[in-house]
Amino acid sequence: MRLAVEQLAGIPDYLLIDGRDTILWNCPQQPVIHGDALSFSIAAASVLAKVHRDRLLVELEAEYPGYGLARHKGYGSPEHLEALARLGPTPLHRRSYQPVAQAALQFPDC
């Protein structure tokens with residue numbers, strides 16, 4: 001979150017944050033659990049972030065073929081889970097995502 005705030009064109013004087021966390025930033029902050037359901041500002045930011053992410057995944061399909069990123073946008077669809085099992089995780093996958101973490105624990109046949 002801090003990296004996102006650092007990249008803003010202007011310096012914010014208040015942060016409204018979806019979730020429980022705050023960041024180390026010198027301005028007042030308000031975390032809002034389920035903020036996307038309670039705040040139009042957070043909901044709008046969530047939509048913009050999803051559209052941006054989906055466009056990036058369409059572009060990343062060329063760099064990481066075989067995962068179907070352009071079709072399912074990386075969500076845990078059966079196709080994506082099969083690709084993870086077959087190809088392994090990419091550097092983009094969150095290591096905390098359970099199927100990725102599970103794949104890291106698999107040992108080669110002895």
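We're numbering straight along the sequence, starting at 1.
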Query raised in the report: Any ion pair linking E6 and R2 (charged N to carboxylate O, less than 4.0 Å)?
Result: yes
Query raised in the report: Do the rings of Y67 and H93 sit parallel, tilted or perpendicular, given the 30° and 60° boundaries?
Result: tilted
Requested in this report: Over all heavy atoms of both residues, which pair between G68 and E61 is shortest? Give the atoms and the distance, please.
Outcome: C-OE1, 3.3 Å
Query raised in the report: Would one find more than 12 heavy atoms of other residues, nucleotides or ligands at under 6.0 Å from atom CD1 of I11?
Result: no
Query raised in the report: Do any N or O atoms from the side chain of Q29 and from the backbone of L15 form a donor-acceptor pair under 3.5 angstrom?
Result: no
**Report entry** Gap between atom CG of D21 and atom CD1 of I33 - 0.5 Å precision
**Finding:** 9.5 Å
Requested in this report: Supply the atom-to-atom distance H80 NE2 to L87 CG, rounded to the nearest 0.5 angstrom.
Outcome: 10.0 Å
Query raised in the report: Within a radius of less than 6.0 Å around CZ of R20, do more than 12 heavy atoms belonging to other residues, nucleotides or ligands occur?
Result: no
Requested in this report: Answer yes or no: are there more than 12 heavy-atom neighbours, outside Y14 itself, under 6.0 Å from its atom OH?
Outcome: yes
Query raised in the report: Any sub-3.5 Å donor-acceptor pair from R71's side-chain atoms to E79's backbone N or O?
Result: no
Report summary line: Minimal heavy-atom distance between G66 and A83, with the atoms involved, is O-CB, 3.5 Å
Report summary line: Heavy-atom closest pair (G19 atom, P31 atom, distance to 0.1 Å) is O-CB, 3.2 Å
**Report entry** Rounded distance (nearest 0.5 Å) linking atom CD of Q30 with atom OG1 of T22
**Finding:** 11.5 Å
Requested in this report: Look up atom CD in E63 and atom CG in L56, then write down how far apart they are to the nearest 0.5 Å.
Outcome: 11.0 Å
Query raised in the report: Nearest heavy-atom pair of V32 and I42: which atoms, and what distance?
Result: CB-CD1, 4.2 Å
Requested in this report: Give the cluster check for F40 versus L48: same hydrophobic cluster or not, with ILVMFWY residues linked at side-chain heavy-atom distances below 4.5 Å.
Outcome: no
Query raised in the report: Of the non-hydrogen atoms in L69 and L57, which two are nearest, and what is the gap between them?
Result: CB-O, 3.6 Å
Report task. Evaluate the side-chain proximity of S39 to L16: yes if any heavy-atom separation is below 4.5 Å, no if none is. Result -> yes
